[in-house]
Every structure is written in C-alpha cells, then in structure tokens.
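Data first, discussion second: the structure below is written as structure tokens.
Note that the structure is a prediction, hence the values are computed from the model and not measured. For the numbers below, each heavy atom of this structure counts, side chains included, while hydrogens, waters and symmetry mates do not.
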Amino acid sequence: MDHSPPKIRPDGTAASLATLYADPAVRRRIVEFLGGDSHGTATAHFIAGDDTRASLRHPEPVSSLWDFLDAQREVSRSLWDRGSLVVHLDVEYVNFDDPAEACRNPERIFELQRPAVEATLHLLGGYGIEPLHVLSGRGHHFVWSVPKGSPAFARLAALGHGPASIWRINAAPHRPHAEGVPPEMGAAFAGLGLLMEFLAHRIQKTAAPMSAIPIELTAVEVGPRFRDREMVSLDISEYGDPLHTRTLRVPFSLYHKPAQLGWLSDGDGQAPLAPLCFLPLGRISVSEALKIRHDGARVAALAAQVSTAIPAQADGTARLVDDYLASPLAQFHAWFYSQEQHGAEAWPETYDRTALDVLPMCARAMLETPNDLLLHPSSMRLLTRILLALGWHPRHIAGLICSRFARDYDWRDQWTECDPATRADFYTRVFAGLFAVGNDDLTDLNCQSAKEQQICGVAECGFNLQTFQHSALARRTYDQLAHRPFHRLFPSQPHS
C-alpha cells in the first residue's frame, strides 16, 4: 500500500480526488460554507462526516475539520447555525428498484430532473431569492439563509407550530457543545417547514406536467413508468425532524454514499465507477459539472473561482411568506393545528380503540406491524388518505401514527435524537395538505397502483381502495373533511 503523502501539481492544485482536500482553494471553500473565514469563526454549530466504510455521522466541533479532511471523510455541516436560519431545498432523483442508476447514467437522471430544477429557479427568482446552487450526487441542493434579527426571521418564528415534545427536545443540551436550540430558532425552523411545504407545492404544480417521471413531496414509492419505480423527490423531509439532528453536505466534499451502499459498480459487478464530489454551479452548467466532478485538478480550479458562501436572502424570503399567508395551504395549516391530539395517557380510550376491521389489509398491516411498515412515507400517505376518507381530522391521524411510533416495537435506535410526534405531524400534514388544497386528486389510490408501488402484497382482501378514493373526493367536494366529532369514530361511543 502506498503511504506517500498526497501529490499536488506544480500549480498548487490537486492532482486527483484522492488529493482534493489538500488543495488550499478547496479548503477555503469548505470553510466558507461553514459560515466563516476560518474554522474558528464559522457559524455552523457542528460538522459531521462519513468515510467509505460505514457511517460516522456524529456531531463534532468545527475545529475537527482538518482531521476530517486529512482522513478523507465526507463532510457535512449542521443545518443549525449560530447567526442565521439556513434554508435548504433538496431536489433529487430516487429509484426504488435500482438506486445505482444515478451513478451509472448521471446524464439521464439529471435530465429527468430538469423540469423541477427550472421551476425551482424560476419561482425563487420571482421572489428575488438567489440561492447557492450545488450539484449533489443524485440531484440539486438550493441553499440560502435568513439572518437572525431580520423581519423575515421573526415572521417565520411567529408561524412555528409543533407538538409540545419538540420544544422540550429543542431545549435539551445537544452534542457536541451541550447547548439547546434557542426557542426563537426552533420556532423559526418550524415555521420554515410550513413555508417550504408551500414552495414544494408550487414547484410540483409547475413542473409535473413537463416531467417524464412523477414529482413528489418526499420520497414516496411510485409505480413504474419506464422500467423502474423512479421519481423526482422534492425532499423537504428534514423539516420533520428536530433542527439539531439535520445536516447538509458541503460543496467540494467527497461523496461516499455510493461506496457505502455498494453502488460503485456498473451493475454487473465489474468496472467500478469513479468517485465524485459535490460542486457549486455558480459558473458552470450541470453538463459541465458532470464532466469535471471526478477530476481533482478541474474541481480545484473551480474552487479557486466560485464562492460557496450561503447567501442571505431575507427580503425575498419575506415575499415568499406573504404569498404563503395568502394561500389555501396556510388556511389548511391553521385548520390542521386547530385540533389538539390525545396524550399518551388517553391512548387506551382513543387511538388504541381504532376499529381495524374497517381498514383494508394494506393499511391495517401498517398499524399492526409498524416497524418498519409505518416508517415509509408511502405508508403514511396511504393511511392518511384512507382515514381522511373515513372522516378523521388529519391532526388525529398524526396522533394515531405517533401512538404507534412511541410504543416499543423494537425500534432500536430509530428514534434516537428524533421525535415521533414531530415526524408523524410532518408527514400527515404534507399528505393531507396536498389533498385538502386540491393538488392531489388521489388518482393512484387504487389496488392496482398499490401493488405497482409495492405497498400491498395481498392478492385479495375484500376491500377496494377506490371506494376510499371516491369517499375522500366527495368529502372534499362538499366541504365535509373531518365533519364528525373525533370521539364518534370509536365503537365505545354511541352514534346518533
């Protein structure tokens, strides 16, 4: 094994990706993305990283950065920042049958994302938001910030909703500095989740008619349109977890995920595919980035030219908030949070008495065997749709899901640092909101689609999902969503 030091070209640039982190310009750009001109002045709360063997994603002080780079680790920064609310939208290609397609055919998968990316840039530009645009391993990151103390930050904090548990979690001491998330930052992050949901609605509605494959909010299973179950995810799932748990890969970081998951082959177990790194697109196109992201010298040359500073976009974000507040989605969110869920002490008389025999087998199985069926976004979407058809208020659908997440189903470390109530609220709100405002007409709520999406493996259960589709659509048409008092859904209560 060659233990010689990394080789640097005579002009000072990296000779390959293996020596990329030794390049001074690359190091400057990584530090710049952390929010400072040195790791001592960075505003990122922590960094985390993986290597090629296994996940090592634990929060570590920013002062560990040079050790990360010397060890060739993939580098991420905390979404939690000391000076600003960091805004992040992830648009990415997802293939449920062949994840390595993103590595083998990058030109194809990035072309499939083009309608969603163009819609994102067009919509953000209309608000005057100019994000940092980063090409990731299988998609795009759009990043900007809202400084603390700005009017936009205060407005987002005023929007913040969430279960009582999230505020307790935020206040607890967190690694690596034993600090809690400040209340105003936690509230602003919760408000940002509502805003990004609204933005994702607009992107989906604009781009979907032009897209060759489905565009969905989060990575929900879809049926095959060509040869695989593939889709474009507007991934806002980070807003379903506490702020202190979420990270964002830095530009010019190496990308180890394909190696960790065994994607780095050509599909026949033969020639390995080249490693790559994340690139900012400030001066180059997607096609150019795909050509140079494996080449250490060209990547280092780009680092000498393009900034990775996260741009402050408070004014544009405030205009986005204005549009959100005037939208049907904001009205839905107010309705969603108008109900209080039942606490754990009341579950035996409420959520635990849900009549499972009125549910189709696919939905029933998710409640009976929640680990891991109920963890999938597609499962929570199906359950949400069915219970909406049965007259449930969406906040109580979230309460039912939380009552399963919070029980001991051998979750192991699934909920370490995460919050079952926040996760259940987020996914239920997203899927119910799409339906309630008319952006989801439930066209795939049928048994054939459920089989194609591989969320139903039962040959025949005596239920027809289209019955629930018709019921939910009728309730929406006649403004009868959740029209019955919640307690009437349980067999212990008399029905009038």
Side-chain angles (χ1 to χ4, degrees), residues 161-163 193-194 197 200-201 204 214 216-222 233-234 236-237 239-240 328-329 332-333 335-339 341-342 350-351 354-356 358-370 372-406 420-447 449-450 453 455-456 463 465-476 480-484 486 489:
H161 283 285
L194 304 180
E197 192 178 326
H201 275 221
Q204 182 191 47
E216 302 285 355
L217 273 62
T218 76
V220 293
E221 275 89 344
V222 296
S233 171
L234 305 177
I236 55 172
S237 60
Y239 301 103
L329 185 62
F332 166 77
H333 286 157
W335 180 64
F336 181 85
Y337 285 109
S338 68
Q339 291 277 327
Q341 296 167 344
H342 292 285
T350 55
Y351 301 135
T354 301
L356 299 184
V358 302
L359 302 178
M361 288 298 297
C362 51
R364 192 183 313 175
M366 297 167 191
L367 294 173
E368 293 177 333
T369 315
D372 70 343
L373 292 179
L374 196 55
L375 291 174
H376 298 281
S378 56
S379 297
M380 286 184 274
R381 181 176 70 169
L382 178 64
L383 188 61
T384 296
R385 289 165 155 184
I386 288 172
L387 292 178
L388 285 173
L390 292 174
W392 281 59
H393 189 285
R395 193 80 198 284
H396 285 299
I397 299 173
L400 173 65
I401 293 173
C402 176
S403 75
R404 294 304 195 266
F405 284 167
T422 299
R423 183 79 60 87
D425 263 19
F426 170 79
Y427 280 102
T428 306
R429 190 187 74 211
V430 166
F431 298 134
L434 282 166
F435 174 69
V437 303
N439 289 345
D440 177 13
D441 290 330
L442 311 183
T443 55
D444 60 345
L445 184 56
N446 59 76
C447 294
S449 292
Q453 295 163 9
I455 57 177
C456 176
F463 285 86
L465 289 180
Q466 278 194 304
T467 303
F468 296 92
Q469 178 200 72
H470 295 157
S471 174
L473 290 171
R475 288 180 183 277
R476 188 178 70 183
Q480 292 184 334
L481 290 176
H483 77 290
R484 292 184 295 175
F486 174 71
L489 298 174

For Asp425 and Thr422, run side-chain contact (heavy atoms from CB on, under 4.5 Å): C-alpha distance rounded to whole Å, both residues' side-chain angles, the deciding distance at 0.1 Å, then the answer.
-> CA-CA 5 Å; Asp425 263 19; Thr422 299; 5.7 Å; no
Which atom pair, heavy atoms only, marks the closest approach of Leu383 to Ala363?
-> CD1-CB, 4.0 Å
Would you indicate whether the side-chain heavy atoms of Leu374 and Thr369 approach each other to under 4.5 Å?
-> no
Give a yes/no verdict on a cation-pi contact between Arg476 and Phe435, requiring under 6.0 Å between NZ or CZ and the six-membered ring centre and an angle within 45° of the axis.
-> yes
Go through Phe463 and Leu359 one step at a time and tell me if the side-chain contact (heavy atoms from CB on, under 4.5 Å) criterion holds.
-> CA-CA 8 Å; Phe463 285 86; Leu359 302 178; over 6 Å; no
dist Arg475:CZ -> Leu388:CG (nearest 0.5 Å) comes out at 9.0 Å
Less than 4.5 Å apart, any side-chain heavy atom of Leu400 and any of Leu367?
-> yes
Would you say the side-chain atoms of Asp440 pair up with the backbone N or O of Leu442, donor to acceptor, closer than 3.5 Å?
-> yes
Please report the C-alpha distance between Cys362 and Leu382 in whole Å, then the side-chain angles of each, then the deciding distance to 0.1 Å, and finally whether the side-chain contact (heavy atoms from CB on, under 4.5 Å) criterion is met.
-> CA-CA 9 Å; Cys362 51; Leu382 178 64; 3.6 Å; yes
So do Phe426 and Thr218 actually touch side chain to side chain, heavy atoms under 4.5 Å?
-> yes
Begin from the C-alpha positions of Met380 and Ile397 and carry the test side-chain contact (heavy atoms from CB on, under 4.5 Å) through to its verdict.
-> CA-CA 9 Å; Met380 286 184 274; Ile397 299 173; over 6 Å; no
Looking only at heavy atoms, which two atoms of Ala424 and Cys402 are closest? And how far apart?
-> CB-N, 3.8 Å
Which atoms form the tightest heavy-atom contact between Ala472 and Leu481, and what is the distance?
-> O-CD2, 4.5 Å
Heavy-atom donor-acceptor pair, Ser471 side chain to Phe468 backbone, under 3.5 Å | no
Of the non-hydrogen atoms in His376 and Glu221, which two are nearest, and what is the gap between them?
-> ND1-OE2, 4.1 Å
For Gln466, what residues pass the side-chain contact (heavy atoms from CB on, under 4.5 Å) criterion, not counting sequence neighbours?
-> Asn446, Asn464, Gln469, His470
For Tyr351 and Arg404 the tightest heavy-atom approach is O-NH1, 4.4 Å
Do the non-hydrogen side-chain atoms of Arg381 and Asp444 ever get within less than 4.5 Å of each other?
-> yes
The reported gap from CG in Leu329 to CZ in Phe336 (rounded to nearest 0.5 angstrom) is 11.5 Å
Got Pro394 and Thr384 here, is their nearest side-chain heavy-atom distance under 4.5 Å?
-> no
May I ask you to test the Leu217-His201 pair for a side-chain heavy-atom distance under 4.5 Å?
-> yes
Are Ile386 and Pro360 close enough that some pair of their side-chain heavy atoms sits under 4.5 Å apart?
-> yes
Rounded to the nearest 0.5 Å, what separation is found between the CD atom of Glu216 and the OG atom of Ser378?
-> 10.5 Å
Can you tell me how far CD of Gln341 sits from OG1 of Thr350, rounded to the nearest 0.5 angstrom?
-> 10.5 Å
Pairwise distance CG(Leu465) to CZ(Arg385) - rounded to 0.5 angstrom | 10.0 Å
Residue pair Tyr337 / Arg429, side-chain donor-acceptor N/O under 3.5 Å | yes
Check whether any side-chain heavy atom of Phe405 lies under 4.5 Å from a side-chain heavy atom of Arg423, and answer yes or no.
-> yes
Considering all heavy atoms, the nearest Ala406-Pro420 contact = N-CB, 4.3 Å
Main-chain N/O of Arg395 paired with His393 side-chain donor or acceptor, under 3.5 Å | yes
